[in-house]
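Comments concern the structure below.
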Amino acid sequence: MTERQTNRTAETSADVVILGAGPAGLTLGNLLHAAGIDCVVLERADRAHVRTRARAGFLAANTVRILERHGLADGLHRRGHPHGTCEFRTGNGSFRLDYGTLGRGERHTVYPQQDLVTDLLTHYLDAGGRIRFETEARSVREVTGPRPTVDVREADGRPGRWRARYVAGCDGRHGAARRSLPASALRHHRDHGVTWLGLLAEAPPSLDAVGYAMHPDGFAGHMARTADITRYYLQYEPGVPGDAWSEERIWAALDRRMYTAEHGPLHHGRIVQRSVINLESDVVEPLRHGSLLLAGDAASLPAPAAAKGANLAVLEAELLAEALIDEFSRSDSRALDRYSRRCLDHIWRAQEFAHWMIQLLHAPAGADAESFFHEAMRRSRVESLRTSRTHQDWFAENYVGI
Ligand code: RFL
């Protein structure tokens with residue numbers, strides 16, 4: 001690493017500059033650092049924010065295998081728990097799928113994303129990895145040349161500059177990597193026209209399964225996080241602020257939509273986090289632009305209906321680390337050349353399944369003939385999932401697979 005001052009702008013360098021300390025950036029940082037590659041993570045937020053930001057919770061079996069392979073799975077083995085059942089509730093009754101015994105027989109591990117990120121960060125720092133908190137990347141320049149540059153705002157507010165051989169854009173959907181893409185980059189975007197109110201409740205889970213409820217008032221979802229915290233989702237009117245509903249109204253809607261009159265009450269508790277989530281999907285293609293490489297949400301955002309985002313982030317980080325290690329240790333750039341194509345195969349598979357889930361869980365909005373047709377198809381799809389073992393195997397393979 002070198003540090004020097006040029007006209008009051010501090011210039012620093014690393015072989016790989018990683019933007020963002022989420023699951024993608026920290027997995028990549030750990031793998032590169034363990035391989036002896038000079039890297040640094042630049043993170044806009046402060047350390048406390050990174051360690052406490054609650055988002056995902058369902059980790060796929062392949063994600064656990066990747067983390068195990070690199071000695072990063074101790075925390076999730078100690079505090080996570082396996083999960084392999086989901087329950088669909090409808091006006092025509094309910095059914096359960098033990099997806100852990102279907103398809104490839106794989107289960108999720110429920111482990112809050114903030115705990116995974118904390119583990120990755122602790123491991124990285126304990127191993128001597130470099131990270132700069134409160135350092136915001138503003139733009140990535142010269143990505144087609146041999147020394148790309150990242151312009152940053154340092155923690156003290158002053159401008160800074162990092163030079164690298166490669167920049168890994170792991171800074172999410174609204175980060176600097178995406179803003180710095182050349183005009184030739186393709187951006188595929190889909191707005192699914194559905195909005196959720198995402199909630200974290202200080203209440204124990206009410207089911208020993210992921211709950212998906214399809215009610216005439218709209219979708220409601222239940223997902224365990226820890227023994228005391230449960231995530232709920234409510235289909236929500238687009239454009240309505242997240243704080244518009246009182247806690248009483250939220251619980252009344254959850255009780256009604258989860259058919260608690262038939263299935264027994266939900267454990268209520270204080271709502272400790274709420275966010276409005278517009279179900280959107282997008283993909284940037286390709287994931288490599290010269291020496292700028294995208295991973296995680298910066299590369300693609302699968303709508304959260306299928307719990308794929310953090311899982312893709314970890315997979316892409318491993319593929320990117322392997323490619324960069326080949327490049328630095330053997331001057332072999334073939335894996336880097338293949339990186340985008342390999343990731344896109346997984347990304348589009350996840351996108352297709354998330355799209356399928358969205359269509360399964362949400363009734364069409366209108367009351368016209370077209371909507372009636374779609375609703376009839378949706379009911380038939382649910383019935384097929386209830387009765388067809390082949391359909392259930394397909395569901396399980398895609399639901400937990402990545
Ligand atoms: P992250 O986690 O957003 O981390 C990006 C990091 O980059 C920082 N950053 C910058 N740093 C420097 N300079 C800049 N200009 C920067 N701009 C941003 C940010 O502060 C942040 O620290 O992206 P990453 O690593 O790609 O990971 C993606 C996952 O976080 C995301 O896909 C998942 O949370 C999606 N998701 C789920 N995925 C699953 O696999 N399983 C789940 O169960 C699951 N549940 C969910 C979810 C997403 C949700 N939200 C966000 C709608 C549940 C919810 C509610």
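Atoms within a ligand are numbered from 1 in the order they appear, just like the ligands themselves.
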Point to revise | Mode of Y111 contact toward ligand 1 - side chain, backbone, both, neither (heavy atoms, under 4.0 Å) | key: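 Neither; nothing of Y111 gets under 4.0 Å from ligand 1.
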Exercise for review: Going by heavy-atom distance to atom 3 (O) of ligand 1, choose the closest among R55, H108, R173.
Suggested key: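 Closest candidate by heavy-atom distance is R55.
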Review point. Relative to atom 18 (C) of ligand 1, which among L294, D297, D171 owns the nearest non-hydrogen atom?
Key: D171
Review point. For ligand 1, is there an N or O atom under 3.5 Å from any N or O atom of E43?
Key: yes
**Study point:** side-chain hydrogen bond (donor to acceptor under 3.5 Å, both in side chains) assessment of H268 paired with E247
**Key:** CA-CA 10 Å; H268 291 194; E247 294 207 8; over 6 Å; no
Among all protein non-hydrogen atoms, which one is nearest to [atom], and what is the separation to 0.1 Å?
atom                    : result
atom 52 (C) of ligand 1 : I277 CD1, 3.8 Å
atom 38 (N) of ligand 1 : A310 N, 3.0 Å
atom 11 (N) of ligand 1 : R44 N, 3.1 Å
atom 47 (C) of ligand 1 : A56 CA, 3.6 Å

Review point. Do H355 and Q351 have side-chain N/O donor and acceptor atoms under 3.5 Å apart?
Key: no
Exercise for review: Return the minimal non-hydrogen interatomic distance between A305 and A354, and the atom names on each side.
Suggested key: CB-O, 4.4 Å
Point to revise | Those residues that, when tested against F373, pass ring pair (Phe, Tyr, Trp, His ring centres under 6.0 Å) (two or more places apart) | key: none
Review point. Roughly how far, to the nearest 0.5 Å, is the CD atom of E397 from the CD atom of E106?
Key: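 Output value for this atom pair is 8.5 Å.
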Review point. Below 4.0 Å from any atom of ligand 1, is there a heavy atom belonging to R231?
Key: yes
Check your understanding: Short list, please: which atoms of ligand 1 are under 4.0 Å from a heavy atom of G22?
Key -> 2 (O), 4 (O), 6 (C), 25 (O)
